[in-house]
Amino acid sequence: MMLVVVFGASFLAYNLEAYSSDPLSVFGESTAENREYLMQKMIRDLQLDVPPPLRYFSWLKGIVAGLWGHFDMGLTVSNIPVVDAIGAAIPITIKLVIASTILAILLGITVGMVTAIRQYSRFDYVMTFISFLLFSLPIFWVAVLLKEYLAIQFNDFLVAPEIPFAAGVAASLIFGFIVAGVIGGGRKRMLTVFFPVVLLAGGLLAYVSKTHWFVHPQLSIVGVALIAFAMAAVVIQLITGLDNRKGLIAGFGSAAVVVALYYPLQTLFTKHSNALHVLAAFAITIVLSALIGYFVSEIDRRDYIRIAVLTAFLGTIPVLIDRFMREFGKYMNSDAVGGRPIQTLGQTNDLLSDDQINNFWISGLDTALHLVLPTIALTLISFAGYVRFSRGSLLEVLNMDYI
């Protein structure tokens with residue numbers, strides 16, 4: 001049955017594509033003297049004089065021939081073997097799938113758990129609406145919106161990176177509503193959380209706007225410290241709870257180790273760095289933090305080591321992000337980029353100089369900025385499914401009489 005389904009699906013797909021497209025249309029407005037010759041050559045090369053249903057079996061013959069070592073999927077319109085075209089796309093496809101899947105799982109399951117715990121809360125209703133909205137959006141339309149607003153208009157924004165007052169107020173209010181919804185509680189508690197968060201977010205947006213932070217971004221040791229201690233609080237709450245004193249020592253002690261190593265780690269992060277230097281940075285912070293977890297207590301030692309290691313791992317990530325961000329201004333103002341860093345074509349920028357290509361941080365930043373839009377598009381669509389799945393699964397377990 002599987003073979004029948006594969007045959008039927010490929011037959012339909014082949015013929016739908018063949019009947020809905022016309023490769024000869026490229027010659028419609030051509031004024032070349034050898035126009036007729038080129039048309040006849042394309043007809044001969046692509047077998048366009050053969051009806052599509054029969055042409056399908058000619059293509060299928062090359063697929064079946066793979067059983068005895070003569071696999072052939074044919075040629076593209078530009079006479080490139082289809083196998084070579086697929087082979088060139090596989091590495092970047094793997095990167096996209098891995099990055100988007102990891103992000104979708106982490107964000108989707110986290111949000112799904114929170115919505116299940118806060119069932120029928122404001123946050124639950126909002127995230128349910130957003131999940132169904134994202135789940136119903138066509139991926140190609142999402143991609144067009146991302147290209148317009150996160151590439152074209154964001155690149156235009158970087159010319160004068162000042163956030164309009166109305167946009168800053170709206171973003172602060174939305175962020176405050178989300179945080180207050182996650183915290184939960186009654187109306188009084190929601191307002192108690194809502195207004196400080198709005199003021200904090202508004203002040204932060206005003207700061208990045210006035211300092212033109214988007215042109216020369218960096219987290220600095222202050223930003224790294226805030227993120228590291230925030231990650232420590234989350235990890236402690238998940239494993240032992242914030243009321244566990246030894247858990248607090250293991251988690252916040254690990255965050256302090258990451259912050260203390262911020263400047264020493266910069267000696268590893270030169271332009272000639274590579275993946276081994278990145279792994280060495282993780283190894284240093286994790287090993288030193290694990291020692292804290294080990295000596296905190298002889299009882300439940302595994303829990304404290306787990307807290308320390310997870311905190312160190314999550315806290316080291318912003319140190320690396322900060323190092324990439326500090327190369328952003330240099331990358332953006334280079335002749336190869338021309339002030340428009342968010343890319344919409346290709347896998348890398350072919351115009352980068354040899355010195356930039358050999359710079360681990362600039363070449364990595366270039367790859368990341370090419371991946372960011374398609375990764376966001378794939379993550380948004382997958383995120384919605386994970387939110388609904390994890391919410392439904394957790395509610396099912398929570399409503400059981402016993403486990």
Counting only heavy atoms not in [X] (residues, nucleotides, ligands), do more than 12 fall under 6.0 Å from its [atom1]?
{"X": "Leu54", "atom1": "CG", "result": "yes"}
{"X": "Tyr149", "atom1": "OH", "result": "no"}
{"X": "Tyr294", "atom1": "OH", "result": "no"}
{"X": "Arg245", "atom1": "CZ", "result": "no"}
{"X": "Leu279", "atom1": "CG", "result": "yes"}
{"X": "Asp335", "atom1": "CG", "result": "no"}
{"X": "Phe282", "atom1": "CZ", "result": "yes"}
{"X": "Met42", "atom1": "CE", "result": "yes"}

Given side chains that start at C-beta, do those of [X] and [Y] come closer than 4.5 Å, heavy atoms only?
{"X": "Phe140", "Y": "Val144", "result": "no"}
{"X": "Phe229", "Y": "Val234", "result": "no"}
{"X": "Phe360", "Y": "Val278", "result": "yes"}
{"X": "Ile236", "Y": "Asn244", "result": "no"}
{"X": "Gln266", "Y": "Val319", "result": "yes"}

When rounded to the nearest 0.5 angstrom, what is the spacing between [atom1] in [X] and [atom2] in [Y]?
{"X": "Lys330", "Y": "Asn359", "atom1": "NZ", "atom2": "CG", "value": "6.5 Å"}
{"X": "Glu327", "Y": "Ser363", "atom1": "CD", "atom2": "OG", "value": "10.0 Å"}
{"X": "Phe313", "Y": "Met231", "atom1": "CZ", "atom2": "CE", "value": "12.0 Å"}
{"X": "Thr115", "Y": "Met127", "atom1": "OG1", "atom2": "CE", "value": "7.5 Å"}
{"X": "Ser297", "Y": "Lys246", "atom1": "OG", "atom2": "NZ", "value": "3.5 Å"}
{"X": "Met325", "Y": "Leu320", "atom1": "CE", "atom2": "CG", "value": "12.5 Å"}

Any donor-acceptor pair under 3.5 Å from [X] side chain to [Y] backbone:
{"X": "His216", "Y": "His212", "value": "no"}
{"X": "Asn349", "Y": "Ala336", "value": "yes"}
{"X": "Asn155", "Y": "Ile342", "value": "yes"}
{"X": "Arg326", "Y": "Pro217", "value": "no"}
{"X": "Trp59", "Y": "Tyr14", "value": "no"}
{"X": "Asp322", "Y": "Gln218", "value": "no"}
{"X": "Ser100", "Y": "Val97", "value": "yes"}
{"X": "Ser289", "Y": "Ile286", "value": "no"}

Which atom names give the shortest non-hydrogen contact between [X] and [Y], and what distance separates them?
{"X": "Thr379", "Y": "Ala104", "result": "CG2-N, 3.9 Å"}
{"X": "Gly247", "Y": "Thr240", "result": "CA-OG1, 4.0 Å"}
{"X": "Ile163", "Y": "Gly168", "result": "CG2-N, 3.9 Å"}
{"X": "Pro341", "Y": "Met332", "result": "CD-CG, 3.8 Å"}
{"X": "Gly315", "Y": "Val224", "result": "O-CG1, 4.4 Å"}
{"X": "Leu352", "Y": "Ile357", "result": "O-CD1, 3.7 Å"}

- Residue list, salt bridge (charged side-chain N to carboxylate O under 4.0 Å, His left out) with Arg55, at least two apart or on another chain: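 Arg55: no salt bridge (charged side-chain N to carboxylate O under 4.0 Å, His left out) contacts found.
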- Taking the six-membered ring for Trp, are Phe7 and Phe57 parallel (under 30°), tilted (30 to 60°) or perpendicular (over 60°)?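 Ring orientation, 0 to 90° scale: tilted.
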- Item | Mutual orientation of the aromatic rings belonging to Phe11 and Tyr56 [parallel < 30°, tilted 30-60°, perpendicular > 60°] | perpendicular
Show me the side-chain donor-acceptor pairs of residues 390-397 shorter than 3.5 Å, one per line, residues at least two apart or across chains.
residue, atom, partner, partner atom, Å
Ser390, OG, Gly108, O, 3.4
Ser390, OG, Tyr386, O, 2.7
Ser390, OG, Val387, O, 3.3
Arg391, NE, Asp124, OD1, 3.0
Arg391, NH2, Asp124, OD2, 2.9
Ser393, OG, Phe389, O, 2.8

Could you note down all residue pairs passing salt bridge (charged side-chain N to carboxylate O under 4.0 Å, His left out) where [range] supplies at least one of them, sequence neighbours left out?
{"range": "residues 131-141", "result": "none"}
{"range": "residues 78-107", "result": "none"}
{"range": "residues 132-157", "result": "Asp156-Arg340"}
{"range": "residues 196-224", "result": "none"}

- Task: May I ask you to decide whether Asp355 forms a salt bridge with Lys271, counting only side-chain N to carboxylate O separations under 4.0 Å?
- Result: yes
Testing the 3.5 Å rule here: is there a donor-acceptor pair between the side chains of [X] and [Y]?
{"X": "Tyr331", "Y": "Asp366", "answer": "yes"}
{"X": "Tyr262", "Y": "Ser220", "answer": "no"}
{"X": "Gln47", "Y": "Ser58", "answer": "yes"}

- Message: Determine whether the aromatic ring centres of residues Phe157 and Phe214 are separated by less than 6.0 angstrom.
- Response: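 Yes: the rings meet the under 6.0 Å criterion.
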- Task: Step through it carefully: locate the ring centre of Tyr207, locate the ring centre of Trp213, and say whether they are under 6.0 Å apart.
- Result: no
- side-chain contact (heavy atoms from CB on, under 4.5 Å) evaluation trace for Asp300 with Asp303: CA-CA 6 Å; Asp300 296 329; Asp303 287 339; 4.1 Å; yes
- Item | Arg388 NZ/CZ over Phe135 ring centroid, <6.0 Å and within 45° of normal | no
- Task: Go through the steps to decide whether Arg306 and Tyr304 satisfy the test side-chain contact (heavy atoms from CB on, under 4.5 Å), and finish with yes or no.
- Result: CA-CA 5 Å; Arg306 191 178 299 117; Tyr304 300 128; over 6 Å; no
- Between Val309, Ile307, Leu314, which is the residue that forms a side chain to side chain contact (heavy atoms under 4.5 Å, CB included) with Thr311?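 Going through the options one by one, the only one that passes is Ile307.
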- Message: side chain to side chain donor-acceptor pair (under 3.5 Å), that's the test. Do Thr316 and Thr285 meet it? Break it down for me.
- Response: CA-CA 7 Å; Thr316 308; Thr285 57; 2.8 Å; yes
